Amino acid sequence: QVQLVESGGGLVQAGNSLRLSCAASGRTFSSYVVGWFRQAPGKEHEFVAAITWSGDNTLYADSVKGRFTISRDNAKNTVYLQMNSLKPEDTAVYYCAADRRPIPYIPTMNGDYDYWGQGTQVTVSS
């Protein structure tokens with residue numbers, strides 16, 4: 001079993017940055033694909049970014065490409081999402097999720113992920 005805990009959310013002005021962290025328990029976490037999703041009020045879960053276990057491959061939604069960077073430190077069982085040039089439309093609850101399958105690709109559907117954190121609120125004011 002893996003437990004995920006997000007942190008780092010908050011209220012920032014447009015153009016500023018935040019770094020989210022996803023800390024995991026469980027020694028097999030380092031072998032999982034980890035993704036970030038977000039959900040704005042009245043909207044569905046939206047894929048944001050994901051990273052393979054080795055960190056060699058990453059995938060980003062078009063809406064965040066060039067502004068967000070996902071990374072991981074397996075020694076610390078932590079995945080990060082560096083968010084730069086934030087926009088009001090980035091406002092949402094951000095969730096990290098882990099996919100335990102030994103897959104050679106990065107899934108983007110929330111149903112593919114097995115473990116989820118409780119979420120952290122990010123609010124970007126204009």
Side-chain angles (χ1 to χ4, degrees):
Q1 190 75 357
V2 172
Q3 291 185 326
L4 306 176
V5 178
E6 303 95 335
S7 62
L11 171 63
V12 296
Q13 289 188 327
N16 284 350
S17 300
L18 278 176
R19 188 176 80 157
L20 305 183
S21 298
C22 173
S25 63
R27 59 184 180 179
T28 58
F29 175 76
S30 60
S31 65
Y32 297 168
V33 171
V34 176
W36 285 94
F37 290 77
R38 64 187 182 187
Q39 186 170 28
K43 295 188 177 182
E44 296 183 351
H45 269 90
E46 176 190 16
F47 172 80
V48 176
I51 188 167
T52 55
W53 70 271
S54 65
D56 289 344
N57 292 310
T58 58
L59 185 66
Y60 296 91
D62 288 342
S63 58
V64 306
K65 200 173 295 183
R67 299 187 298 123
F68 291 11
T69 302
I70 189 171
S71 62
R72 70 190 298 165
D73 184 339
N74 286 335
K76 295 182 179 180
N77 268 7
T78 303
V79 173
Y80 305 97
L81 184 68
Q82 178 66 43
M83 307 186 295
N84 298 330
S85 303
L86 282 162
K87 305 174 181 180
E89 50 264 43
D90 294 318
T91 295
V93 177
Y94 283 71
Y95 300 89
C96 70
D99 186 331
R100 64 185 175 184
R101 297 173 296 166
I103 49 177
Y105 64 91
I106 295 178
T108 60
M109 304 297 291
N110 56 2
D112 290 324
Y113 288 78
D114 303 291
Y115 305 106
W116 290 81
Q118 81 291 347
T120 185
Q121 176 70 47
V122 171
T123 304
V124 184
S125 63
S126 57

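Keep in mind that what you see is a predicted model, and the values were worked out from it rather than measured.
T58 contributes atom OG1, which lies 6.0 Å from atom CD1 of I106 (distance to the nearest 0.5 angstrom). Remark: R101 CZ to D112 CG distance equals 4.5 Å, nearest 0.5 Å. Rounded to the nearest 0.5 Å, atoms OH (Y115) and SG (C22) are 13.5 Å apart. Of the inter-residue distances, the one linking C96 atom SG with I51 atom CD1 reads 12.5 Å to the nearest 0.5 angstrom.
Annotation: side chain of S126 is not in contact with side chain of K87 (no heavy-atom distance under 4.5 Å). You'll find the side chain of T108 reaches within 4.5 Å of the side chain of L59, heavy atoms only. Counting heavy atoms from C-beta outward, L20 and S7 have side chains that stay 4.5 Å or more apart.
Residues forming a side chain to side chain donor-acceptor pair (under 3.5 Å) with S85 (at least two apart in sequence, or on another chain): none. Applying the side chain to side chain donor-acceptor pair (under 3.5 Å) test to D90 and every residue at least two apart in sequence or in another chain returns R38, R67. In this view, K65 and D62 satisfy the side chain to side chain donor-acceptor pair (under 3.5 Å) rule, not counting sequence neighbours. Every side chain to side chain donor-acceptor pair (under 3.5 Å) that Y32 has, sequence neighbours left out, goes to T28. The salt bridge (Lys or Arg N to Asp or Glu O under 4.0 Å) check on D73 picks up nothing, with sequence neighbours excluded.
Taking each heavy atom of A49 and L81 in turn, the nearest pair found is CB-CD1, 4.2 Å. Between V33 and A50, the shortest heavy-atom contact is CG1-CB, 4.4 Å. Contact detail for A24 and V2: the closest heavy-atom pair is CB-CG1, 4.3 Å. Here the shortest heavy-atom pairing between A92 and Q121 reads O-NE2, 3.4 Å. The minimum heavy-atom distance linking T91 with A40 is given by the pair O-CB, 3.7 Å.
Criterion: ILVMFWY side-chain heavy atoms under 4.5 Å apart, direct or through other members. Under it, W116 and I70 are not part of a common hydrophobic cluster. Placement of V48 and L86 within a single hydrophobic cluster is found when ILVMFWY residues are connected by side-chain heavy-atom separations under 4.5 Å, directly or transitively. Under the 4.5 Å side-chain heavy-atom criterion for ILVMFWY residues, no single connected hydrophobic cluster contains both F37 and V34.
At distances below 3.5 Å, at least one donor-acceptor pair connects side-chain atoms of R72 with backbone N or O atoms of T52. Side chain of Q82 to backbone of R19: no donor-acceptor contact under 3.5 angstrom is found. Looking at N84, its side chain never comes within 3.5 Å of a backbone N or O of N16 through a donor-acceptor pair. Side chain of Y113 to backbone of R100: no donor-acceptor contact under 3.5 angstrom is found. In terms of modelled atom types and a separation under 3.5 Å, the side chain of S63 and the main chain of A61 share no donor-acceptor contact. Not one N or O on the side chain of T123 forms a donor-acceptor pair closer than 3.5 Å with the backbone of L11.
Aromatic ring centres of W36 and F47: separated by at least 6.0 Å.
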TODO: Could you walk me through whether V122 and V124 pass side chain to side chain contact (heavy atoms under 4.5 Å, CB included), step by step?
DONE: CA-CA 7 Å; V122 171; V124 184; 4.1 Å; yes
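Residue pairs meeting the ring-ring contact (aromatic ring centres under 6.0 Å, His included) criterion with at least one partner in residues 57-112, sequence neighbours excluded, are H45-Y95.
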